[in-house]
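Each remark here refers to the structure printed beneath this line.
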Amino acid sequence: MSEKMTQWKGKLSASPYNDRVLPLLSHKVEILDTTLRDGEQAPGIALSMSDKIAIAKALDDLGVDEIEAGFSASGKEEKETLKRIAGLGLTSRVCSLARSTVSDIDAVIDTGLDYIHTFIATSDIHLERKLKMTKEQVLERAVSAVQYAKDHGLKVQFSCEDATRSDLDFLKKVYGGVVEAGADVIDIPDTVGVMSPRSMEFLVSEISKSVKVPIAVHCHNDMGLATANSIAAVEAGASQVHVCVNGLGERAGNAPLEEVAVLLFINYGISTVDLSKIGQVSKAISRYTGYPIEYTKPIIGRNAFAHESGIHVHGMLADSSTYEAFPPELVGMDRNISLGKHSGAHSVRERLDRMRVDFPEDKMSELMDSMKAIAVGGKKIDDIELAVIADNVLWKDRVQHSVVLKEFVVITGKNVTPTATVTIEMDGKKNTVSQVGLGPVDAAMSAIRDAVNGNVSLEELRLDAITGGSDSICEVSVLVKDAKGDGSISAGKAVGLDIVNTSVDAIMEAINRDHSRRKSQ
Ligand code: KIV
Ligand code: ZN
């Protein structure tokens, strides 16, 4: 367990009712991550060899016990990728999926891996409609596949595909047969996600009466119960759970790694992966696969630790456990107190204070009205936007435009150093300055700051395209800090067609606010 996790051990009780009724579990629970196999089978995901290698390393670093890294018989590139992953020397054990055929098992042997996950379907529907095999033939195929893999020195995990719609006596026969043939672990897949926690508990208990090797479960999420079913299986004695990061996988996906790992830790005190790395790994997998993470996804969603409504933020500011089941640091995520339609004055005040914006209490209701008028369509207000709104409320009738841009020219292109020259008149005095920068906007910002005698520093500049295409309208928001006085923040915003000119307009607006404020003091 990582040092970071030790500090939480035994201290996170989500509910006292859990403490009263959940069983005390003492067995170790392993995580088999199948993001690279079942996860990749999700429509539209196609990971390159280098993506897969990077993901395997990230899963290893996260601390998963086993990685199902692919399906070696599915193609040359896949086999080569598995060979490369086999050679990485990871701490996690690595296996490949294989059907119960000699050619599939040989494909795994060719990769150099020493661990195979082999399977055959056992439900009547799969036997009759897909495999067109009798039960006797399936049993014989399963046993001989395991024998063949064992004869070639492999560690074997065996799955009865569609186990949760298979006849119990037949399941017991197949699992019994493969264990006798040497299977090291047996897996119970809920292939189409039809189980409930109670039926999962029943099935795992039944199977564990007849086989004496570790039991894994592989739960799909077709009815939204993959996590609950995996946990129920663990309660019934399963010692390995198959998962995918972000709940990827066929159709509605597999049990999400993040949910299973967090629940095992918080509700049962069972440590699996390094939870503090979950946020980072989840984001990486989303980037590699191109699958976005739903805002409301537990643990890893953008809203999982976001608070907006006035009542909630008020509570959160007093004690974060008022509205959080567990702190975001546990899973490497950030808390986000967002501002929007439901925000209250507490959140706004907290945000202004954090940005060191000095805003009077008697103008607060005017600020709240302006902010809500903008947020009404569901728009979130970020720091820079709040500063602009606050500035507008404070200074709307008082900004004197006494800092005037008289001339501005910028030279940019390929193989030239971007250079800007500005002439600014401030309180009747003209100042002409040239500056270079990394780009034309950077050069312009530097020249303008120098031309106002370094009165301000640029704190933030944000550029948004409002429309698409090369003729897009852009919006630039700028925050400047009073560099000579009290360090207060002033904002400026401008909209236009040209990024450089619009950035210049935005900073001039902010500089005039800063100048007016300074003169009024
Ligand atoms: O869902 C499933 O049944 C599978 C098997 C190959 C284990 O992915
Ligand atoms: Zn599956």
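What you are looking at is a predicted structure, and each value in this text was computed from that prediction instead of being measured.
Put simply, the side chain of Pro197 does not reach to within 4.5 Å of the side chain of Ile231, judged on heavy atoms. At least one side-chain heavy atom of Pro256 sits less than 4.5 Å from a side-chain heavy atom of Lys297. Here the side chains of Phe265 and Leu330 are in contact, with some heavy-atom distance below 4.5 Å. Proximity of Ser230 to Asp190: side-chain heavy atoms (C-beta onward) are nowhere separated by under 4.5 Å. Using a 4.5 Å cut-off on side-chain heavy atoms (C-beta onward), Asn254 and His218 make contact. Within the 4.5 Å cutoff, side-chain heavy atoms of Asn246 are placed close to those of Glu258.
Residue Arg517 is tested with Asp482, Asp358, Asp391 for a salt bridge (charged side-chain N to carboxylate O under 4.0 Å, His left out); the sole match is Asp391.
In terms of heavy atoms, Ala494 sits closest to Thr502 at O-CG2, 3.4 Å. In plain terms, the two heavy atoms of Gly39 and Ile45 that are nearest each other are O-CD1, 3.5 Å. The two residues Ser286 and Pro292 have their closest heavy-atom pair at OG-CA, 3.9 Å. Thr35 and Cys244 make their closest contact through OG1-CA, 3.5 Å (heavy atoms, listed as atom of the first residue, atom of the second, distance).
Arg335 forms no cation-pi arrangement with Phe305, by the criterion of a distance under 6.0 Å to the ring centre and an angle within 45° of the ring axis.
By the 6.0 Å contact criterion, CZ on Arg198 is open, its count of non-hydrogen atoms from other residues, nucleotides or ligands being 12 or less. Under a cut-off of 6.0 angstrom, the local environment of CZ in Arg354 is crowded, with over 12 non-hydrogen atoms contributed by other residues, nucleotides or ligands. Residue Leu25 qualifies as enclosed at atom CG: its count of foreign heavy atoms under 6.0 Å is above 12. Annotation: Leu22, atom CG; neighbour count of heavy atoms from other residues, nucleotides and ligands within 6.0 Å is above 12. Annotation: Lys430, atom NZ; neighbour count of heavy atoms from other residues, nucleotides and ligands within 6.0 Å does not exceed 12.
Listed for the Asn431 side chain is no donor-acceptor partner under 3.5 Å among the backbone atoms of Val452. Looking at Asn336, its side chain never comes within 3.5 Å of a backbone N or O of Asn303 through a donor-acceptor pair. For the pair Asn229 (side chain) and Met195 (backbone), a donor-acceptor distance under 3.5 Å is present. Checked by atom type and distance alone, the side chain of Lys283 never pairs as donor or acceptor with a backbone atom of Ile300 at under 3.5 Å.
Between Tyr323 and His312, the ring-plane angle classifies as parallel under the 30° and 60° cut-offs.
A donor-acceptor contact closer than 3.5 angstrom is absent between the side chains of Glu475 and Ser477. No hydrogens or angles considered: a donor-acceptor pair under 3.5 Å links the side chains of Ser48 and Asp51.
Remark: Gln435 CD to Asp450 CG distance equals 4.5 Å, nearest 0.5 Å.
Among residues two or more places apart in sequence or in another chain, the salt bridge (charged side-chain N to carboxylate O under 4.0 Å, His left out) test is passed with Arg449 by none.
For the pair Arg349 and Glu361, the salt-bridge criterion is met [side-chain N within less than 4.0 Å of a carboxylate O].
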